[in-house]
Each structure stands twice: as structure tokens, then as C-alpha cells.
There are 2 protein chains.
Amino acid sequence: MLPAQPNQSLIDGVRCLQAVATAGVPIGGRELARRLEMEPTRANRLLKTLAAQGFLHQDGDRKYQPGAGMHVLAAQSLHGSGMLQRALPVLARLRRRRPALIVALGVLWHDQVSYLYHADPQTPPHQAIGRLGAYPASISSIGMALLATRDDAEIRDLYRGRIIPGHPEGLGSLMGAIRTARRRGFAHVVESENPPHSTLAVTVGVPAEAAIAFAGHSLFPDAETLAVLLRQASLEITPPTTG
Amino acid sequence: MLPAQPNQSLIDGVRCLQAVATAGVPIGGRELARRLEMEPTRANRLLKTLAAQGFLHQDGDRKYQPGAGMHVLAAQSLHGSGMLQRALPVLARLRRRRPALIVALGVLWHDQVSYLYHADPQTPPHQAIGRLGAYPASISSIGMALLATRDDAEIRDLYRGRIIPGHPEGLGSLMGAIRTARRRGFAHVVESENPPHSTLAVTVGVPAEAAIAFAGHSLFPDAETLAVLLRQASLEITPPTTG
DNA sequence: AATTCTGTTGCTATTATAGCACCATGTTGG
DNA sequence: CCAACATGGTGCTATAATAGCAACAGAATT
């Protein structure tokens, strides 16, 4: 997957971009260098390069925050991959069909899930986008549904030697859950037994590029029914020209 | 603005990222290299580096398109800078107040405007985000309102020696329009006289990080009234802690 | 005033990248 | 069917760009 000559500057540069975006508050260069375990001079130069291009903005205290270029990139990528555009009407219909449940659309990135759409019953539809940050994949049904599409080896590499959220017993427990998800064609994650609260997700696209989910109380009885609903929705979202 | 040692790999890398996002369709490495006037090997390695990090995805034809990492970055940046979150309810109210008009929120990046929110009367509110790509700043009221906050020298550098959309007479004409916008405190761009259609924008934030606009028929008679409405909205969107 | 942060730059050894030449594969068209 | 020409990708080494120490100025803290 990595090219013969991967570009380390680019890798660390986008790590900086990412870190500023996730920080939530303006953050200084040295502080950021510590978080990413980078040499401060290097971080400083990458950050200032990004700032000069307009992807970051330095406020009065010279701290960094997302800049206009980043917003442009965000809008263009959401617009460019028509996925969200195709998904939104379908997701709105899912909400009308099951008004008591949370409806969400998310993508997997490394071991984290990010929600492009996350609407609980009280949320006005126009506030459902970009509402949440990142979330551990292993305790999210969207994450589990997407992990299930990956090779066992890849999953093992991702979690080897680390504590796995939701699976304190270790990798074996996670792989068991993954196999169950593969067999059933959907992921069902129980967040709590009492009160009963769980999440259920199926993937979207071939190969899977995202997943859609229901979340709420008592999904146990009609998991299959909900999975069928989600699978229908998934097919509608999948682009006619397979990419 | 540029650091003592700007990182060229990072600059070209994000240019690639940007180019793939704006392409709209999957695009090959060599094609992209031509568009950016880059050496193909270089483009290839930058693209594959981005793909390995999950920011781009290579489809079956090895063409590149936005990947999960880019969506994560998009969601996090929209979420991270709380601007859109604060803006959405205010924009919804503006739509209710003036149901016949288009309501938009956009940011300026170089000489282009990108809309984070663009809702015409027929658009369901949840489809108003990420709906449009980039647009020339000089023929957009949002672009003009934001350009007006920049130094004259900066604007001149941006457009020197280029054809300026909407101002075929050249830089002098643009600077005149900029001065008018500064004097009045809002930008008013007339797109056509017959049928009458124009756009009106004010900036958001100090320093200006975005602008909000009305667009529609016959904005001429009550430009001042609409500007007042937008200014009130702008103040509500501006974060309590000035950044 | 002294201390310790911070952001930033200058400098040069060192390292990572540039880009040619090349290969494998796929597509077009005679 | 087989040129002819695309394409994505890699190996190699000169070369140019980066790494990171040392240093400086300014803020904040003590």
C-alpha cells in the first residue's frame, strides 16, 4: 500500500492538520509537537506551511485553529464524493420510519469511527452533520461492521499490543465479535443491558466505504427487521456506477 | 507568513488532496500530475502516500477519490471549529424570515469561495451542506465581503496579471467595488439586471472568517434592511470568546 | 529581576527526495 | 493480431531539501 518512497513530510503534515482539527480549541505549536511526539522545530515549520496555504489559521496568540482552506477541503470532499448527498434523503426516510431511534452514517479510519451524520430524535435534521468527533471503532456498530470487511491480519495489526475498547479480554474476543458480524451480515453492539441500549449497522458501498446504523432501546427483538431496513437503505445509497 | 523553511512536499501533497476532492470523479495519477503541472513520479508518490494514510482511496482502476480519512478530516474540522454549529440555527431563522431568498454561508480561500451552507427555497434544510463546489470570489457577494477585509496589496497580489471574473475592465474596477463594500459595510453583487437578481453579504467573526448572504430577486430596494438582518445574524454567530 | 515558558530563525551535516530510465499491464486502432 | 501508445509503479544515485541543535526575542510566571 505504501509507495516505494513514502513522503514523511506529507504524512507528518496531515497529522498536524488532523491534530489541530481534533483539538477543538486553538493549540500552540510546541504543545502540538508534544502530543504527536514530534521535534518542535519540525512541527512549527509544518504548521506554518499549512497556515501560509490557508489550511490553518493563527490567532492573536499565534495558536493554530482550522482555517478557511480546511473548510473548503471539507465542503469539497463532502460534495465531491456524492455519498453524503445520496445518503441524506435515505437517512431522512429511515428517521421517519423509526422515529424513536438514532440514525447515523459513519466512516472507519484506522481504529476510529467518525460520524458524517448522527441524528437522535430531538435533533433538527440540519444539525445532524459534523456533530460528533471521532469514536473508538470497537465499541461502535458502524466501526464493527466496517472492520468486519477487512482481513483478519489487518485487524490484528491494528490492535496488536493495545487495549481494545469494549474488549478488555483482548484480541480473541474482538475477532469473535467480528466473525459474528460477518456471519450475520450486520454488526450488533450492546452498549448496556439495563437499560437496554444497542446499536446495529450495515455497510454501504462495494467495497464498503461507510456504514449506516440504528441506535436506541430494545433493538434485540427485531434486529433482523432493522437489518433488512438498513440493507435496503444501503442499496439505495450505493452509487449506480460501482467504484 | 511562510516559515523560514517551508515544506514543499506538504504543499504539493495537499494540492493533490485538494485536486482529487475538486475533480468530482475518480482521477488517475498522471492526469492529475498534468493538471497540477507536476512531475508524474512525484505526484504518484504523494498520492500513494495519501492513499496509504486513508485520505485517498484507489478504486478498481487505480484511480483516486476522496477516502475515509478525508471524510473524517471534513467532519472533524466542521465540528472542531464550532462555527457551522453556531451558524446553522441562525441561518434557519434567516430562511424563515425571508422565505423567498437564498441563504448561504461561505468562506474565502485564495480567490475562491466555497459554500458551507447554501439553501434555496426548494432545498430541504438537511441538503444544504456541502452542496456546491468552489466559485470565483469576485462574482460572489460572500467573496467580495471577505476580500474587502484584506489589504489592498494582498488583493492586488491575488489578481495581478489575471483575468478577473466579473471585472473584465481589470483590477481598478475590482478595487472600486471593494472600496464600495468597505464603505457600506456589506457587499452587494448584481448578477443580472433583467430579470433582477443579486446577492448581498456581510462578514462573520473578528477577524472575518466567513460571510453570510442573501440572494434572490429585487434585493435593490431593501438592501439596507437585509444588511441589518444579516449583521444581527452575524453577531449571533460570532463566538463569545473572540479568536 | 530571574526563570521558564513560548514561537521563530540560521546554519550545516545528513538524509530524503527528484526524476530519469525502465518494467508490466491495459487500451486503442490499423 | 500485433503495433503503438497509454497508464501505474519502482530502482537507482546525484542533489537539493530537511533535521535539529543552538540561539534569540518576547510573554508569562515566580
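Keep in mind it's a predicted model, so treat the numbers as computed, not measured. Note that these values count all heavy atoms, side chains included, but never hydrogens, waters or copies made by symmetry. Letters A, B, ... are given to chains in the order of the sequence lines, protein chains preceding strands, and every chain is numbered from 1.
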Quiz prompt | Interatomic distance where NZ belongs to K63(A) and C1' belongs to dT8(C) [whole Å] | solution = 15 Å

Practice problem: Using heavy atoms to find the nearest nucleotide of DNA chain C for D61(B) and T41(A) separately, return the residue whose nucleotide is more 5′. | Solution: T41(A)

Quiz item: Does the side chain of Q58(A) get closer than 4.0 angstrom to OP1 or OP2 of dT8(C) through an N or O atom?
Solution: yes

Practice problem: With heavy atoms under 4.0 Å as the rule, sort R62(A) into base, sugar-phosphate or nothing. | Solution: sugar-phosphate

Practice problem: Look at the side-chain N and O atoms of K48(B) and state whether any lies under 4.0 Å from the OP1 or OP2 oxygen of dG8(D). | Solution: no

Quiz item: For the side chain of R45(B) and the base of dG19(C), is some donor closer than 3.5 Å to an acceptor across the two?
Solution: yes

Self-check item: Salt-bridge present (R182(B), D152(B); N to O < 4.0 Å)
Solution: yes

Quiz item: Taking atom P of dT7(D) as reference, at what distance in whole Å does atom CG of D59(B) sit?
Solution: 16 Å

Quiz item: Does R45(A) offer a backbone N or O that forms a donor-acceptor pair with the side chain of T49(A) under 3.5 Å?
Solution: yes

Practice problem: Give the rounded distance in Å between these two atoms: CZ of R34(A) and C1' of dT4(C). | Solution: 12 Å

Self-check item: Contact list for DNA chain C against residues 3-28 of chain B - heavy-atom distance below 4.0 Å
Solution: P3(B), A4(B), Q5(B)

Quiz item: Can a side chain N or O of N44(A) be found less than 4.0 Å away from OP1 or OP2 on dT8(C)?
Solution: yes

